[in-house]
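To keep things clear, I will list the structure first and then write my remarks on it.
Numbers restart at 1 for each chain; the letters A, B, ... are given by sequence-line order, proteins then strands. Every heavy atom of this structure was used, including side-chain atoms; hydrogens, water molecules and symmetry mates were not.
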Amino acid sequence: MINITLPDGSIRQYPKGTSSMEIATSISEGLARNVLSASVNGEVWDASRPIFSDASVKLFTWNDKEGKATYWHSSAHLMAEALEALYPGTKFGIGPAIDTGFYYDVDTGDKTLTPADLPKIEEKMLELAKNKSQYIRKEVSKDDAIRFFTEKKDEYKIELLQDLQDGQITFYSQGNFTDLCKGPHIPDTSSIKAVKLMNLAGAYWRGDEKRKQMTRIYAVTFPKAKELTEYLELLEEAKKRDHRKLGAELELFMFSEKVGQGLPIWLPKGTQLRERLQNFLRAEQEKQGYQMVVTPHIGSKSLYETSGHYAKYGADSFQPIHTPKEGEEFLLKPMNCPHHCEIYGHRPRSYRELPLRIGEFGTVYRYEQSGELHGLSRVRGFTQDDAHIFCTVDQVKGEFLKVLELTTMVIKKMGFENFTAQISLRDPDNPEKYIGSDENWNAAEKAIIEATSEVDLITTTELGEAAFYGPKLDFMIKDALGRSWQLGTIQVDYNLPERFGLEYIGADNQPHRPVMIHRAPFGSMERFISILIEHTAGKFPLWLTPDQYALLPISDKWIPYCEEIKQELAKHDIRGFIDERAESIGRKIRDTELKRVPYMLIIGDKEAENQSVSVRRQGEGDLGTMSVSEFVAHFTEKLSEV
RNA sequence: GCCAGUGUAGCUCAGUUGGCCAGAGCAGCUGAUUUGUAAUCAGCGGGUCGGGGGUUCGAAUCCCUCCACUGGCUCCA
């Protein structure tokens with residue numbers, strides 16, 4: 001007998017060789033029906049795999065992340081089976097589960113898959129799923145495995161096998177399909193009830209752009225048809241909120257082929273929004289002792305040679321521009337930090353000046369590959385809400401915590417409730433990607449890890465995600481549709497001060513090297529606004545929205561009264577406009593609703609007579625009639641709510 | 001940059017296997033209407049069918065090429 005510890009701490013005894021599925025059955029039939037996989041001593045296993053020694057077991061169903069991952073990975077195998085049936089000779093790369101669904105990288109030889117082929121594959125998958133084929137695990141020797149795929153002429157799998165150790169190789173089969181796979185898998189195909197192949201994309205074999213490009217098929221499956229429908233509805237909603245669409249409809253920004261791709265042009269309403277965000281942050285930063293600066297859009301190439309940016313990114317950047325007579329070289333500013341280092345270094349600094357906090361809404365230009373550009377979220381010219389804090393080693397932690405506080409305050413003020421932070425450290429296997437000494441890196445990484453551990457913040461740690469000059473703390477927020485986005489960043493940097501030879505004279509009258517903290521709570525105004533648009537579906541917080549109200553006169557004879565109200569509201573810093581068109585009130589309301597103006601003030605005979613306004617809230621409807629001062633009170637209350 | 005796809009009026013789209021002056025709705029303009037909580041009516045203007053080249057008696061439609069956009073990949077200071 002073996003002892004099985006369950007998540008609730010209870011220990012049950014089972015015969016040697018009992019599977020997780022059998023354990024589930026012993027608990028309840030219903031549970032057994034839903035089990036997809038199980039963790040055995042922390043490792044995710046097939047539910048059918050026998051357990052031979054004492055273990056702690058956790059059963060996974062569709063409600064667990066691990067259960068979904070198993071389900072989708074098994075679905076990838078089912079898709080591969082369908083592809084092999086429809087397109088014999090198809091070769092397979094890798095087919096993992098992802099956050100939502102799974103993909104499989106395939107090489108269909110001469111046959112190019114098109115979106116029109118996808119329904120056929122879906123149908124085949126559903127047909128095969130009905131066979132209730134079991135996923136069967138088999139341990140194989142490396143030689144046998146290589147022989148199998150050599151016969152199948154699948155060079156991708158053979159390459160994957162080269163990196164695997166003999167004795168640790170397993171195959172999984174279901175129906176007529178066998179794949180190299182370490183598993184685990186769901187019991188059988190019958191739980192795969194709804195299938196949707198989402199899209200086709202090119203993907204380099206092993207992520208290497210020098211190697212062959214395979215076809216990646218993205219897909220998702222569900223145990224219930226209804227869940228697929230709900231998922232597709234969510235995608236529809238995301239499409240409706242797409243910032244590129246809303247940005248055009250609400251006249252926030254535009255792009256022009258003539259100006260150039262990836263170069264956003266801010267229209268008046270978008271500019272209002274952006275400047276309100278900047279003013280808000282500027283005010284908060286000034287409270288905390290930041291000083292604003294303005295630096296030029298170009299900088300001498302030597303500036304970036306000093307910083308190391310040129311060596312790292314020069315070849316893949318916009319190329320230097322030259323002065324016509326002298327032939328001097330200048331780069332479009334890709335970063336503000338070198339300029340700020342020069343500000344720090346332009347005269348001797350005393351320890352009494354530190355921390356010195358230099359802020360700038362600095363517009364930078366970076367060459368991004370054409371296929372990378374995406375609306376406002378990935379552009380070639382953007383404005384960072386940048387600042388650099390120069391401080392002593394002893395001040396690093398305190399300053400870091402203050403920045404952390406500022407950043408979380410900003411995120412919350414923007415209406416994002418869910419956020420986490422990612423600690424991005426060096427990749428220990430690729431030291432050549434980074435500048436600076438190990439001592440500097442260790443100190444910087446330690447500072448971030450220590451400071452974040454002192455605050456109430458959910459963090460994850462990623463190796464290899466650091467900037468080339470220092471580790472980062474990146475903020476990840478979840479939007480209203482549950483999607484994750486990376487926002488602002490805080491970076492601790494011991495290296496640039498060294499490269500720029502920055503110093504301060506300490507209390508001991510000796511020169512010391514300052515530490516630099518790079519930080520941007522929004523990240524970039526462009527990217528942040530793209531996220532804000534999608535999060536709010538264009539219904540911005542009241543304090544931020546370009547027009548807070550629209551006055552809608554029922555006939556043009558009430559325009560003068562509207563003017564009066566407008567002036568009164570302006571006294572309370574409430575901004576809006578009068579819809580003076582000779583349109584029906586129904587039309588005016590509809591248009592204003594679509595423009596996401598939060599308040600509509602409808603003015604006709606009754607209102608003019610009683611010196612009142614009829615108030616309608618966007619998306620909610622009629623709030624009734626009130627006096628102008630009552631509206632101001634209502635508005636002011638709502639304003640303070642966010 | 002790479003793979004796949006898309007590009008017809010400001011927007012959303014129609015345009016049969018290549019064939020009469022390329023269509024619709026919305027938006028715009030003009031006029032009428034003076035309206036009570038999500039579209040008043042009528043008239044008018046608007047397109048070198050993404051650009052260029054080619055095949056053809058004839059191209060929005062077929063081919064080549066360039067550009068932009070979309071979904072991914074790679075990249076992201």
Side-chain angles (χ1 to χ4, degrees), chain A residues 103 105 112-117 198-218 239 242 244-245 248-249 251 254-258 260-262 304 307-314 316-317 333-338 364 366-375 377-380 384 386 433-435 465-470 472 486 489 491 493 496 518 520 524 527 552-559 581-595 600-607 614-625:
Chain A
Y103 66 79
D105 285 345
T112 306
L113 287 173
T114 71
D117 298 317
M198 303 305 297
N199 50 48
L200 293 166
Y204 300 108
W205 170 233
R206 310 204 104 178
D208 183 344
E209 60 183 317
K210 288 180 194 72
R211 306 199 61 179
K212 189 172 162 73
Q213 194 153 47
M214 305 182 74
T215 305
R216 176 168 297 179
I217 309 174
Y218 283 90
K239 216 169 156 189
D242 191 316
R244 292 165 298 185
K245 180 176 141 74
E249 277 173 15
E251 298 196 299
M254 57 169 272
F255 289 90
S256 150
E257 264 185 54
K258 282 209 186 91
Q261 63 174 166
Y304 304 101
S307 70
H309 288 101
Y310 191 77
K312 180 85 181 163
Y313 296 104
D316 303 316
S317 291
K333 177 167 75 174
M335 282 298 285
N336 301 302
C337 34
V364 297
R366 296 178 185 174
Y367 168 75
E368 304 285 358
Q369 300 187 93
S370 61
E372 269 317 319
L373 301 169
H374 179 91
S377 31
R378 191 82 184 264
V379 289
R380 286 177 171 171
Q384 296 177 311
D386 211 356
K433 280 167 66 182
Y434 309 99
I435 58 167
E465 295 292 310
F468 75 91
Y469 50 72
K472 304 192 283 181
Q486 188 192 315
T489 177
Q491 305 167 5
D493 179 7
L496 287 191
H518 309 239
S524 92
R527 185 177 160 74
L552 311 181
I554 282 175
S555 97
D556 55 12
K557 67 182 164 184
W558 305 122
I559 289 175
R581 297 174 302 162
E583 288 291 350
S584 69
I585 193 66
R587 162 52 77 84
K588 289 181 185 180
I589 287 168
R590 178 183 155 80
D591 290 349
T592 316
E593 285 279 348
L594 291 175
K595 277 192 264 182
M600 281 151 269
L601 304 177
I602 294 146
I603 306 299
D605 288 350
K606 282 179 282 180
E607 289 75 15
S614 181
V615 181
R616 183 188 163 97
R617 180 78 208 233
Q618 197 274 351
E620 290 173 26
D622 197 354
L623 299 186
T625 304

(message) What's the closest nucleotide to the side chain of Arg378(A) if the choices are rC76(B), rG71(B), rC73(B)?
(response) rC76(B)

(request) Select base, sugar-phosphate, or nothing to describe what Ala467(A) touches, counting heavy atoms under 4.0 Å on all strands. (result) sugar-phosphate

(message) Taking any heavy-atom pair under 4.0 Å as a contact, classify Asp591(A): base, sugar-phosphate, or nothing.
(response) nothing

(request) Name the closest nucleotide to the Gln213(A) side chain, picking from rU35(B), rC76(B), rG72(B). (result) rG72(B)

(message) Can you say whether a donor on the side chain of Tyr204(A) sits under 3.5 Å from an acceptor on the base of rG1(B), or the other way round?
(response) yes

(request) Can you tell me, in whole Å, how much space there is between the P of rG71(B) and that of rG31(B)? (result) 43 Å

(request) Could you tell me whether Asp622(A) contacts a base, only the sugar-phosphate backbone, or nothing, with contacts defined as non-hydrogen atoms closer than 4.0 Å? (result) base

(request) Take atom C1' in rA4(B) and the same atom in rU16(B), then report the distance between them in whole Å. (result) 27 Å

(request) Quick one: label His374(A) by what it contacts on the DNA or RNA (base, sugar-phosphate, nothing), any heavy atom closer than 4.0 Å. (result) sugar-phosphate

(message) Does the plane of the ring in Phe468(A) sit parallel, tilted or perpendicular to the ring in His309(A)? Use 30° and 60° as the thresholds.
(response) perpendicular

(request) May I ask you to say what Lys588(A) touches in the nucleic acid, namely base, sugar-phosphate or nothing, with a heavy-atom cut-off under 4.0 Å? (result) nothing

(request) Would you mind pulling out the nucleotide paired to rC57(B), Watson-Crick or G-U wobble, both distances under 3.5 Å? (result) rG19(B)

(request) Mind checking Glu607(A) for me? I need base, sugar-phosphate or nothing, with any heavy atom below 4.0 Å counting as a touch. (result) base

(message) Say we look at rC26(B) and rU17(B): how far apart would their P atoms be, to the nearest angstrom?
(response) 29 Å

(message) Which nucleotide wins on minimum distance to the side chain of Arg590(A), given the candidates rA38(B), rG1(B), rG36(B)?
(response) rA38(B)

(request) Mind checking Gly604(A) for me? I need base, sugar-phosphate or nothing, with any heavy atom below 4.0 Å counting as a touch. (result) base

(message) Regarding Leu552(A), tell me which of base, sugar-phosphate or nothing describes its non-hydrogen contacts under 4.0 Å with the strands shown.
(response) nothing

(message) Classify Gly371(A) by what it touches in the nucleic acid, base, sugar-phosphate, or nothing, heavy-atom distance under 4.0 Å.
(response) base

(message) Whether the side chain of Asp316(A) engages the backbone of Tyr313(A) through a donor-acceptor N/O pair (distance < 3.5 Å, no angle test) should be reported.
(response) no

(request) Output the single nucleotide from rU40(B), rC75(B), rA77(B) whose closest atom is nearest the side chain of His309(A). (result) rA77(B)

(message) Would Tyr469(A) count as stacking on rA77(B) if stacking means ring centres less than 5.5 angstrom apart and planes tilted under 30 degrees?
(response) no

(message) Work out how far the C1' atom of rG53(B) is from that of rC67(B), and round it to whole angstrom.
(response) 14 Å

(request) Would you mind pulling out the nucleotide paired to rG1(B), Watson-Crick or G-U wobble, both distances under 3.5 Å? (result) rC73(B)

(request) Can you figure out which of rG36(B), rC67(B), rA77(B) approaches the side chain of Glu257(A) most closely? (result) rC67(B)

(request) Give the nucleotide from the list rU35(B), rA77(B), rG71(B) with an atom nearest to the side chain of Ala201(A). (result) rG71(B)

(message) If you assign Arg244(A) and Arg616(A) each to the RNA chain B nucleotide with the nearest heavy atom, which residue ends up on the more 5' nucleotide?
(response) Arg616(A)

(request) Remember a base hit wins even if backbone is also touched, and classify Phe255(A) as base, sugar-phosphate or nothing at under 4.0 Å, heavy atoms. (result) nothing

(message) Between Arg527(A) and Gln486(A) (side chain of the first, backbone of the second, donor and acceptor by atom type, cut-off under 3.5 Å), is there such a pair?
(response) yes

(message) As a test of reading the structure: which of rU35(B), rU40(B), rG71(B) is closest to the side chain of Ile585(A), going by heavy atoms?
(response) rU35(B)

(request) Could you pick out which residue, Met335(A) or Ser614(A), lies toward the 5' side of RNA chain B when each is mapped onto its nearest nucleotide? (result) Ser614(A)

(message) Nearest to the side chain of Ser370(A), heavy atoms from C-beta on, is which of rU35(B), rC73(B), rG1(B)?
(response) rG1(B)

(request) Round to a whole Å and report the spacing from CD of Glu583(A) to C1' of rG28(B). (result) 12 Å

(message) What is the separation between atom OH on Tyr310(A) and atom C1' on rA77(B), rounded to the nearest whole Å?
(response) 15 Å

(message) Using atom P in both nucleotides, what's the gap between rC63(B) and rU6(B) to the nearest angstrom?
(response) 11 Å

(message) Treating Arg216(A) as the side-chain partner and Ala201(A) as the backbone partner, does any N or O pair qualify as donor plus acceptor under 3.5 Å?
(response) no

(request) Taking only the side-chain heavy atoms of Arg587(A) (C-beta and beyond), determine which of rU35(B), rU37(B), rU40(B) contains the nearest atom. (result) rU40(B)

(request) Please state the C1' separation for the pair rG50(B) and rG10(B) - nearest whole angstrom. (result) 16 Å

(message) Taking any heavy-atom pair under 4.0 Å as a contact, classify Glu593(A): base, sugar-phosphate, or nothing.
(response) base

(message) Only pairs with both distances under 3.5 Å count, Watson-Crick or wobble alike; so what is the partner of rU6(B) in this structure?
(response) rA68(B)

(message) Say we look at rC75(B) and rU48(B): how far apart would their P atoms be, to the nearest angstrom?
(response) 42 Å

(message) Applying the Watson-Crick and G-U wobble criteria at under 3.5 Å, what pairs with rA14(B)? Answer none if nothing qualifies.
(response) none

(request) Provide the distance between the two P atoms, one in rG51(B) and one in rG47(B), to the nearest whole Å. (result) 13 Å

